[in-house]
Structure formats: structure tokens, C-alpha cells
Colleague: 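Pasting in a structure now, in C-alpha cells, and then I'll have a few things to ask.
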Amino acid sequence: MMSDENGFFEKVYRVTCMIPPGRVSTYGAIARFLGSSRSARMVGWALNNCHSMGEFIPAHRVVNRNGILTGKHHFGTPNAMKQLLENENIKVVDDRVVDFRKLLWDPCREL
DNA sequence: GGTGTGACAATGG
DNA sequence: GCCATTGCCACAC
């Protein structure tokens with residue numbers, strides 16, 4: 001009960017929505033911001049359920065540590081994620097975010 | 001209540 | 001420096 005808003009998933013959704021446009025974040029960074037630096041995998045899983053939220057989650061701004069669009073296949077179409085990233089003025093080449101290091105948005109650092 | 005999983009990350013060879 | 005393996009923690013069945 002009422003664990004929905006306090007659940008790990010809800011936190012992931014909220015932080016993911018907090019990612020400013022034109023920026024990208026990593027699963028580990030989000031997980032660490034949530035207090036569970038080792039639950040990076042849970043972050044991806046949470047986004048996997050994001051389709052059940054009823055609200056759109058900018059999961060396309062979340063990539064792995066290498067800046068690779070690991071979950072692009074889960075967007076319905078592998079091109080959707082890249083298209084969304086390009087829509088944010090983010091360059092994506094070979095399923096990798098260009099200047100990912102500069103575009104990296106760390107909640108623990110920026111906040 | 002236990003088992004399996006999963007869009008990662010870190011470590012070792 | 002790259003490839004393979006382990007750890008990991010929260011959620012679904």
C-alpha cells in the first residue's frame with residue numbers, strides 16, 4: 001500500500017523525467033542517486049515497466065555507462081530511441097551518444 | 001515465501 | 001586494452 005510512490009520504480013520514473021532535454025543519464029548514476037548504486041539493472045527494468053505507467057517517460061535519455069543505447073530495442077522500434085535523441089539535438093552514431101561524456105547528466109552532481 | 005529475472009556496472013584474466 | 005565472468009538489488013510470478 002502506498003508503496004507506489006515510495007517504490008524504487010516511482011523514483012526512477014521521477015528522476016528520468018527530471019533529465020533536462022539535450023542531456024543523457026546513465027542507469028548507474030540514477031541508481032546511485034536513489035541510494036542503490038548497485039541496482040543499476042533495476043533502473044532499466046523500471047523503465048521497462050514505464051509503458052504501464054500511462055505517462056511518457058524520456059527513457060531514451062537513459063543509456064548505459066558506455067553511452068550506448070542498450071534499450072533501444074525496447075522502444076518498440078530500434079529507430080525510435082535514436083530518433084528521439086536526435087530530436088533533443090543529441091547526436092547518435094552507431095547507437096552511441098556522441099560526446100556522451102559532456103552530455104552526461106548526473107543527478108547527484110547537477111542537483 | 002522462494003525463485004528468477006533484468007534496458008548494468010565493476011572486476012579479473 | 002579488450003573479452004569473459006560475477007555481483008547485485010528490487011520487483012514479478
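Lettering follows sequence order; numbering is per chain, from 1.
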Colleague: Please tell me if A/Ser36 has a side-chain N or O lying less than 4.0 Å from either OP1 or OP2 of C/dA10.
Modeller: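 Checking A/Ser36 against C/dA10: at least one side-chain N or O falls below 4.0 Å of OP1 or OP2.
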Colleague: Within this structure, what is the CZ-to-P distance between A/Phe33 and B/dA9, rounded to whole angstrom?
Modeller: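 The answer, rounded to whole Å, is 17 Å.
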Colleague: Taking A/Arg61 for its side chain and A/Ile19 for its backbone only, find out whether a donor-acceptor pair lies under 3.5 Å.
Modeller: yes
Colleague: Measure the distance from CG on A/Asn48 to C1' on C/dC11 and round it to the nearest whole Å.
Modeller: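 Rounding to the nearest Å, CG of A/Asn48 and C1' of C/dC11 are 11 Å apart.
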Colleague: Looking only at the side chain of A/Ser39 (C-beta and beyond, no hydrogens), which of the listed nucleotides C/dC9, B/dC8, B/dG6 gets closest?
Modeller: C/dC9
Colleague: Among the nucleotides C/dA10, B/dA7, C/dC8, which one has an atom lying closest to any side-chain atom of A/Cys50?
Modeller: B/dA7
Colleague: Round to the nearest Å and state the distance from A/His73 atom NE2 to B/dG6 atom P.
Modeller: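 In whole Å, B/dG6 P lies 14 Å from A/His73 NE2.
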Colleague: What are the two closest non-hydrogen atoms of A/Pro58 and A/Thr16, and how far apart are they?
Modeller: CG-O, 3.3 Å
Colleague: Which nucleotide, C/dC11, B/dC8, C/dC9, lies nearest any side-chain atom of A/Tyr27?
Modeller: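 The closest nucleotide is B/dC8.
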Colleague: Send over the distance from A/His51 NE2 to C/dC11 C1', rounded to a whole Å.
Modeller: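 Roughly 17 Å, once rounded to whole Å.
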Colleague: Between C/dC9 atom C1' and A/Phe9 atom CZ, what is the distance in whole Å?
Modeller: 11 Å
Colleague: Ignoring hydrogens, what is the shortest heavy-atom contact between A/Phe9 and A/Ala46? Give both atom names and the distance.
Modeller: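 Answer, listing the atom of A/Phe9 first, then A/Ala46: CE2-CA, 3.6 Å.
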Colleague: Considering only B/dG6, C/dC11, B/dA7, which nucleotide approaches the side chain of A/Met42 most closely?
Modeller: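 It is B/dG6.
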Colleague: Can you figure out which of B/dG6, B/dA7, B/dA9 approaches the side chain of A/Trp45 most closely?
Modeller: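 Comparing B/dG6, B/dA7, B/dA9 against the side chain of A/Trp45, the answer is B/dG6.
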Colleague: Would you classify A/Ala59 as touching base, sugar-phosphate or nothing, given that sugar-phosphate means primed atoms plus P, OP1 and OP2, and contacts are heavy atoms under 4.0 Å?
Modeller: base
Colleague: For the side chain of A/Arg41, counting heavy atoms from C-beta on, which of B/dA7, B/dG6, C/dC9 is nearest?
Modeller: B/dG6
Colleague: Look at the side chain of A/Arg38 and decide which nucleotide, out of B/dA7, C/dC8, C/dA12, has an atom nearest to it.
Modeller: C/dC8
Colleague: A/Leu69 versus A/Phe75: any side-chain heavy-atom pair under 4.5 Å?
Modeller: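 Not in contact.
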Colleague: At 4.0 Å (heavy atoms only), tell me whether A/Asn64 reaches a base, stays on the sugar-phosphate, or touches nothing.
Modeller: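 Counting heavy atoms under 4.0 Å across all strands, the contact made by A/Asn64 is with sugar-phosphate only.
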Colleague: What is the distance, rounded to the nearest whole Å, between atom CZ of A/Phe8 and atom C1' of B/dC8?
Modeller: 12 Å
Colleague: To the nearest Å, give me how far apart CG (A/Asn66) and C1' (C/dG1) are.
Modeller: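 To the nearest whole Å, that distance equals 14 Å.
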Colleague: Would you confirm whether A/Ser25, through its side chain, and A/Trp105, through its main-chain N or O, come within 3.5 Å as a donor-acceptor pair?
Modeller: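 Looks like yes, one N/O pair under 3.5 Å.
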Colleague: What is the nucleic acid contact for A/Arg65, judged by heavy atoms within less than 4.0 Å: base, sugar-phosphate only, or nothing?
Modeller: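 Sugar-phosphate only.
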Colleague: Between B/dA7 atom P and A/Tyr13 atom OH, what is the distance in whole Å?
Modeller: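 In whole Å, B/dA7 P and A/Tyr13 OH are 14 Å from each other.
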